[in-house]
There are 2 protein chains.
Amino acid sequence: MGKKYVYFFGGGKADGNEKMKELLGGKGANLAEMAGHPDLRLPVPPGFTITTEVCTYYYKHNRKYPQGLKEEVEKALHKVEKIMGRRFGDPLNPLLVSVRSGARRSMPGMMETVLNIGLTEKTIPGLIKQSGGNERFVYDAYRRLLMMYADVVMEKAEGIEPEKEELGIRKQLEKIMEERKKNKGITEDTELNAEDLKELCRLFKVRIKEVLKKDFPDEPHIQLWEAIGAVFASWQGKRAVAYRRIERIPDDWGTAVNVQAMVFGNLDKRSATGVAFTRNPGNGENQFYGEYLINAQGEDVVAGTRTPAPINEYSRSEYNKHLKTLEEEMPLVYKELFRIQKKLEKHYRDMQDIEFTIEKGRLFILQCRIGKRNGLAAVRMAVEMYKEKLITKEMAIARVSPSQLDELLHPIIDPKEELQKKPLAKGLPAGPGGAVGQIVFTAQDAVNWAKEGKKVILVREETNPEDVEGMRAAEAILTARGGMTSHAALVARGWGKCCIVGCGEIEIDYGRKEFSVNGKTLKEGDWLTLNGTKGYVYEGRLAMIDVSAENTLLNEFLKICDKVRKLKIRTNADNPEDAKRARSFGAEGIGLFRTEHMFYGKGSEQPLFLLRKMIVSRTEEERRSALNELFPYFKEDIKKTLLAMEGLPVTIRLLDPPLHEFVPHQKEQIESLARSLNISLEELEKRAMALREANPMMGHRGVRLGITYPEITETQVRAIFTACAELIREGKRVKPEIMIPVVAEVREFLHQVEIVKKVYKEVINEYKIKKIDYLIGTMIEIPRAALLAHKIAEVAEFFSFGTNDLTQMGFGFSRDDMGGFLPEYLKRGILHNDPFQTIDEEGIGELVKMGITRGRKTRPDLKIGICGEHGGDAESVKFCHRVGMDYVSCSPFRVPIAKLAASQAVLEEKIKE
Amino acid sequence: MGKKYVYFFGGGKADGNEKMKELLGGKGANLAEMAGHPDLRLPVPPGFTITTEVCTYYYKHNRKYPQGLKEEVEKALHKVEKIMGRRFGDPLNPLLVSVRSGARRSMPGMMETVLNIGLTEKTIPGLIKQSGGNERFVYDAYRRLLMMYADVVMEKAEGIEPEKEELGIRKQLEKIMEERKKNKGITEDTELNAEDLKELCRLFKVRIKEVLKKDFPDEPHIQLWEAIGAVFASWQGKRAVAYRRIERIPDDWGTAVNVQAMVFGNLDKRSATGVAFTRNPGNGENQFYGEYLINAQGEDVVAGTRTPAPINEYSRSEYNKHLKTLEEEMPLVYKELFRIQKKLEKHYRDMQDIEFTIEKGRLFILQCRIGKRNGLAAVRMAVEMYKEKLITKEMAIARVSPSQLDELLHPIIDPKEELQKKPLAKGLPAGPGGAVGQIVFTAQDAVNWAKEGKKVILVREETNPEDVEGMRAAEAILTARGGMTSHAALVARGWGKCCIVGCGEIEIDYGRKEFSVNGKTLKEGDWLTLNGTKGYVYEGRLAMIDVSAENTLLNEFLKICDKVRKLKIRTNADNPEDAKRARSFGAEGIGLFRTEHMFYGKGSEQPLFLLRKMIVSRTEEERRSALNELFPYFKEDIKKTLLAMEGLPVTIRLLDPPLHEFVPHQKEQIESLARSLNISLEELEKRAMALREANPMMGHRGVRLGITYPEITETQVRAIFTACAELIREGKRVKPEIMIPVVAEVREFLHQVEIVKKVYKEVINEYKIKKIDYLIGTMIEIPRAALLAHKIAEVAEFFSFGTNDLTQMGFGFSRDDMGGFLPEYLKRGILHNDPFQTIDEEGIGELVKMGITRGRKTRPDLKIGICGEHGGDAESVKFCHRVGMDYVSCSPFRVPIAKLAASQAVLEEKIKE
């Protein structure tokens, strides 16, 4: 027996099935599955698939078909005729077919389709009869066939390339049609009547002959075979070849060709067309949901000129409540459709998006595919389907994307509204989610307006610790300068607040309380909408969607994730409140407590003042005196945070930023500082100047401060151990992990370890306790530290990768300054991602891997985590899993995202195995 | 036969020789060599060495000596007695000996020595007779023996540790002596007479008994054996053990003990002591040179209380011209000494530093070792000895250290004067050499004063391109701010000018034309001396040494280096003048031509103005217009430079620094710039502000500018190719190498390559030439570029490591800001070197190695060099040789240093093999 080239489907049977995608292409395999699988046997319009092997044969044998193909096609076509009760080319009751491509992998729009094959001058009367005398419908179908056929089969497939695009046959035919409409003084195709269309068909044929030197073949079988040939030819079309290059699809896969009976939802009032979802894609409820139009084609639903009706009561809305449901209109058809959708969801184990057509009361399923959904729906469906045992936990986890989960964590701008609007300006997306509010320009105004119940957006050049009250009061923050690690960005992310920074296009005039951007001027009180996830600024008020209250659902979903993931998820928290919130999100400890961050935020005037005093001190004596005053604040904050995380590890990082960051800017604060130090304003200014640096990011900070001013380290460490000692005496369990930042050389670390050990002994002696279980480790954030990890691990008990700085120094990209070139880099594809959002695996990732491998070589049980912004980015979290970290740490609001990504990483690993 | 434990030397014979250092220790082997080698047979005071094996045995056998040792020592001692004509313990004509340690490797001051062994109450009269009745001399010798013996033998070797240092026996005896002097109202030991010393000896013995509960052993043989034991014991002394830990000397090496006859240069007028050199250590001339003192001990020469006399006419100077030479005083002894020094230099094939003593007309050679020398002497001796065929070329190269060679390149402060002075302040050593001048505070003053023939030092907060004229006029530059890559540092190094930057201790008051430092105030016109090699600032005028005119000698030496080295040496030159100068120093091409540096220096007002115009342009149109005006300047400079280096490769780096560096600061310049752009001052200020960056070193610079403003790359490349095309038409050979800076990702590089190729085609078509032999490559200065070198090498034809930036980003050290912590780091040993001076092999070096290995894996013939400051640092140049670079590039004045280091690297490699 020879090879089988043609696979039939329809009438409850199919030669193929879903698994035969290589042979039948994606579309063909799916049609076969729907038509023939014993659980389904759906009423798909019958048809057949010519295999990809024929395509390969065709190209190998100089565009000839294999022997026996003709006969197989004939045979299959007869079966279709039988099922449809129509015959191909029959003048009285003609069968029309569509001819479509269908490759192994979807190549949307890259190959050709011809509809209405089989329509000729001879079969037109038969189709008119089938349509109950609808001449306009039939000539419109014929007109479409002429256009498509001339373009796809007679021109493109023959390799004819017009000199200019407007000389192509399709453009020429369109022009004829345009002229007709112009002459009649109409604008819409639908306004053309049967006579117009009939005349157009005549004109089309004349022009086709003129241009292509050939007659349109008014013979069904010629049409069929030429159309099949044209689809095969389109596999080697320019666009398809280019697409395959990009997507790396091998040329020798070939395409299949699907020939399928045409069915029409616009034949009469017993015909209809529609789209339905097995569950509500807007909220995930397990309810059949959809809409339909009587006597219409799919295009009509898309065009939006008629309002579709709901398929059932559940699908009723504001807009369609006056219309009859399909259930009411055609109860039997609805019942069948309902039964089918149940089958489909069960069979495919996911929510399905179903296209259906009803021709004269007969239901056909044209297509089904996995339905798109929003975040809330994705999470609800994953949780409920898992509970229903429709899917496994792994499937539930794979069903939700990190960005979908993110929709449950912040209010977002309604995507439908956002699609219609052009951003006013773009900045760096520093705090995710959306926000709407009125513009204010000072922190004080933000506080005052908010007290009056107004929603405000604080717009500043950049922010500093003095603005914190106003930032808290605002819905969102927008700054003209500063990068992803600027004060505004750090503070906003910690609070989970919407924030855009570095929006250089806006020019603020504080005096006039207005800003201008691209020729527009916005004033105080004007409304603004921000998309902090993308960094887009919109003028006016856009509608918001807020599903962030769905906590139970979120937690149910995260529990499923927890069953799979291996990475621990910690949080970056700088105060007891953040720690509590993060714990409620399921954080398993703190991966980054920034000692200096206690100085941002509510009620922080006194410690901030003392910190400043310490910073501008000139002698060790001055500095120690300020530190002694600071000590109780340090200690209390750490104690409360340890308590909030009782029993879980808390990584406390010693002072990190360059001191100059804390120097005050407001006159009265400068004066009070000078007074308290008993120095002149001039002297204070001098001291502040001396702290300025050319490149502070690579300046006197982190461990470098701890070495030049060991008393700073000493005071911080004493605060940590004293807090621990007091808690231990109160019967609490504490697990502090002391982290030294900005280490480049093991001897820097050793220097600090000496201080830690000394203070440790002093505190446990003073408090008469046996011991404190603490670890001492370091950030790996300097490239050299990653290179020399084996040496550092001789002393360090844990590593926490600071991939923010590692990316800055590895790329030589200052995060605060890269606004000048990053957009250009992304536009030109020089970088595919912002490396501060998603870790650059190729370069920075290699440094991380090197650090892990070398560190664990010296100390196999080295505890390894990450505490940069990447800890909250899904792709980066997956990378952390793959390279064998123990935990990631991210801001409280990213904990759920990190949990999801960590569990998905496990699944992806399994697939690879 | 048993093992031999004692090796005799003296009387023209020796049991051992120089090669037996493991057995006899360094000192013992050298004494044997001098005494016994057939070419030498020098009159060293006879003695014998007890081997290191005895030490090992001693410690293995619970501090017992091996059998037969006693007898061997006795036998050797008899030989010594015979040669000296004195007997150990003989009351009439006693022999005294010294007992000294001597390990395989020198451990200076770590172990013990006892002199005058054999002096007792009984032998004192004999020694008085030998000294011609000099009682004072004898009791002083006895007093010294008592002190040394009590301390070393009776206290330390017995492991007695006094509770406090002042309770140690030596301190107690010293106190007795102090009291004696106080009672007599005198201050110097030499003022004590024989009676005093006799009494002191008595008191010493009493105190020794009191404290150590033992009598001083007034018996020669007991003294000898106890002293030998004490020296062995000192091998396990605290200091020695600690020293071995640090120097990694194995404990089981053990020490030898040398027992040698004492000879005295202070016995009478026929006795003398002196030091001589086989060639002049001050200038290297091949002349016997030295000084001596009649009737004196070595200490007397050191003490400087008497002026030593010249040994011969050649050695006469200002200070000693009135004194009789040794040649005149003791012609026969001088003749013998002269003969000996000739032998010694020939034998050791290097200039020797010889200590000699004449006892009653009898010459003894106490020690000879390789003589210390200054830079000029080192180079002259190396060249002349090589010519004399005394040494090979390899030996000549090894004889000169890079810092010695450096003395021939710049004037330096006379080291003798500098030793006496305390620096007024310290800064970063930005330009080597020394300079003296009067303080001025403005560039204009520098120019004016210099015109009047005054030598000035320009003192500024920091410099900018507007100061260049004044910098050129000054002898040296001193700035309060800025780092090793600041404007002042870069410009000064390019000129080989003395410069100190970042001297934060000085506080300048421009208004009063003065600066204050540590409480002192210096005014305009005051004299200042700078040591730019160390970064030291001195008040007043210090004497200078200038041998930088010895060009012939330098070139002769470099020719020897050229025979050995493999690394090519290129130069960093930014204009035709520098290129010419560097070529005269022997540079083999330019490794770094910084396109932007043409804007510094003479007659640069117009191009600098145009550059500024380009920089503050807002639109591509404005920018292109400024670039077109700049084009002829670019082209001319490049053309002249290519011509100066005709036939040699010239690497031209495209625009590198952040644009903000070029924004003008002076009011009139700002105004004229605004006028020419037809914009308001306010607008100009705004544009300049917009260019400011938080961390410019990691900001919008290098290739990032070339991508965002491709027209900048285009203009520069067109200037390069046009210059080449014109030269080719004139029949010249050019080898341009276009270098793209700050690349982190291969796609950045590719983007620029496209522009280069496009412009190349345009230029060769326009000039109708066949081709230009050019290369296109990149700096590897960003850590990520080193990691991804294999990808970059797919496109780049050469790499030039920019280790300045690689160090900045690898360490996260901003060179401009590290002044805040680097001194502390060096002091505490956290870093052993400034990593910007000498490459950090462990960390940054690994990145370099990685870059080379990965780059050559893709492209085996990849040309690799270095163009950072390290290219002129000897240790770093050796590293570059070891890792297989093709060339190093350094500032013109470092080319000789680099050549030397490159040739030494070859020698070091051979030794390793």
Side-chain angles (χ1 to χ4, degrees), chain A residues 481-483 486 504 507 658 686 690-702 704-705 707-708 742 744-745 747-748 750-751 781-785 787-788 791 805 807-821 823-825 828-831 840 842-844 846-847 850, chain B residues 481-483 486 504 507 658 686 690-702 704-705 707-708 742 744-745 747-748 750-751 781-785 787-788 791 805 807-821 823-825 828-831 840 842-844 846-847 850:
Chain A
R481 302 184 61 178
S486 63
E507 296 192 15
K686 219 182 200 171
L691 291 171
R692 280 218 187 116
E693 294 186 305
N695 296 284
M697 198 54 75
M698 304 195 291
H700 194 171
R701 54 180 284 234
R704 300 163 196 174
L705 290 169
I707 288 171
T708 47
V742 200
E745 158 61 45
R747 287 185 291 265
E748 294 176 306
L750 269 169
H751 178 274
E781 56 187 330
I782 302 284
R784 192 177 187 274
L787 290 166
L788 294 173
K791 294 227 163 170
D805 273 336
T807 302
Q808 289 204 100
M809 288 163 203
F811 270 96
F813 284 174
S814 162
R815 242 176 120 154
D816 290 329
D817 306 311
M818 69 189 291
F821 54 93
E824 195 72 18
Y825 270 45
R828 292 188 180 278
I830 288 170
L831 291 179
D840 158 54
E842 205 179 19
I844 309 309
E846 189 176 342
L847 275 178
M850 216 176 262
Chain B
R481 301 183 63 178
S486 64
E507 296 193 16
K686 218 180 198 172
L691 290 172
R692 283 224 183 110
E693 294 186 305
N695 296 283
M697 199 54 74
M698 304 194 292
H700 194 172
R701 54 180 285 232
R704 300 163 197 174
L705 290 169
I707 288 171
T708 48
V742 200
E745 158 60 46
R747 287 184 292 266
E748 293 175 307
L750 270 169
H751 178 275
E781 57 188 331
I782 301 283
R784 192 177 186 273
L787 290 166
L788 293 173
K791 295 226 162 172
D805 272 336
T807 302
Q808 289 204 95
M809 289 163 202
F811 270 96
F813 283 175
S814 163
R815 240 173 120 156
D816 290 329
D817 306 312
M818 68 190 290
F821 55 93
E824 194 73 19
Y825 270 44
R828 292 187 181 278
I830 288 171
L831 290 179
D840 159 54
E842 204 179 19
I844 308 309
E846 191 178 343
L847 274 178
M850 217 177 260

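This structure is a prediction, so every number in the text was calculated from the model and none was measured. Note: hydrogens, waters and symmetry copies are ignored here, and every other heavy atom, side chains too, is used. Letters A, B, ... are given to chains in the order of the sequence lines, protein chains preceding strands, and every chain is numbered from 1.
- The contact between H700(A) and chain B is made by backbone and side chain atoms together, counting heavy-atom distances below 4.5 Å.
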Does the salt bridge (charged side-chain N to carboxylate O under 4.0 Å, His left out) test come out yes or no for R704(B) and E824(A), once each step is laid out?
CA-CA 9 Å; R704(B) 300 163 197 174; E824(A) 195 72 18; over 6 Å; no

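- Taking chain A as the reference chain and counting heavy-atom pairs below 4.5 Å, the highest number among R481(B), M850(B), E846(B) is found for E846(B).
- Taking CG of D816(B) as the reference point, atom CG of N695(A) lies at 6.5 Å (rounded to 0.5 Å).
- Ranked by heavy-atom pairs shorter than 4.5 Å toward chain B, the options A694(A), G820(A), P823(A) are led by A694(A).
- With a 4.5 angstrom heavy-atom cutoff, E748(A) touches chain B via backbone and side-chain atoms both.
- One distance of note links CD1 of I844(B) with CG of L787(A); it measures 7.5 Å at 0.5 Å rounding.
- For the options A785(A), S814(A), G702(A), heavy-atom pairs under 4.5 Å to chain B are most numerous at S814(A).
- Remark: Q808(B) CD to M698(A) CE distance equals 4.5 Å, nearest 0.5 Å.
- The contact between I707(A) and chain B is made by backbone and side chain atoms together, counting heavy-atom distances below 4.5 Å.
- Considering only heavy-atom pairs separated by less than 4.5 Å from chain B, the leading option among G699(A), G843(A), A744(A), P658(A) is G843(A).
- Both the backbone and the side chain of E693(A) come within less than 4.5 Å of a heavy atom of chain B.
- Expressed to the nearest 0.5 Å, how far CD of E745(A) lies from CG of L831(B) amounts to 6.5 Å.
- Options D840(A), L691(A), L705(A), D805(A) differ in how many heavy-atom pairs under 4.5 Å they form with chain B, and the most are formed by D840(A).
- Ranked by heavy-atom pairs under 4.5 Å with chain B, the first of G810(A), A690(A), G504(A), G829(A) is G810(A).
- There is no contact between E781(A) and chain B, counting heavy-atom distances below 4.5 Å.
- Between E842(B) and R784(A), at least one side-chain N (NZ, or NE/NH1/NH2) sits under 4.0 Å from a carboxylate O, which counts as a salt bridge.
- No part of R701(A) comes within reach of chain B, as not one of its non-hydrogen atoms sits under 4.5 angstrom from that chain.
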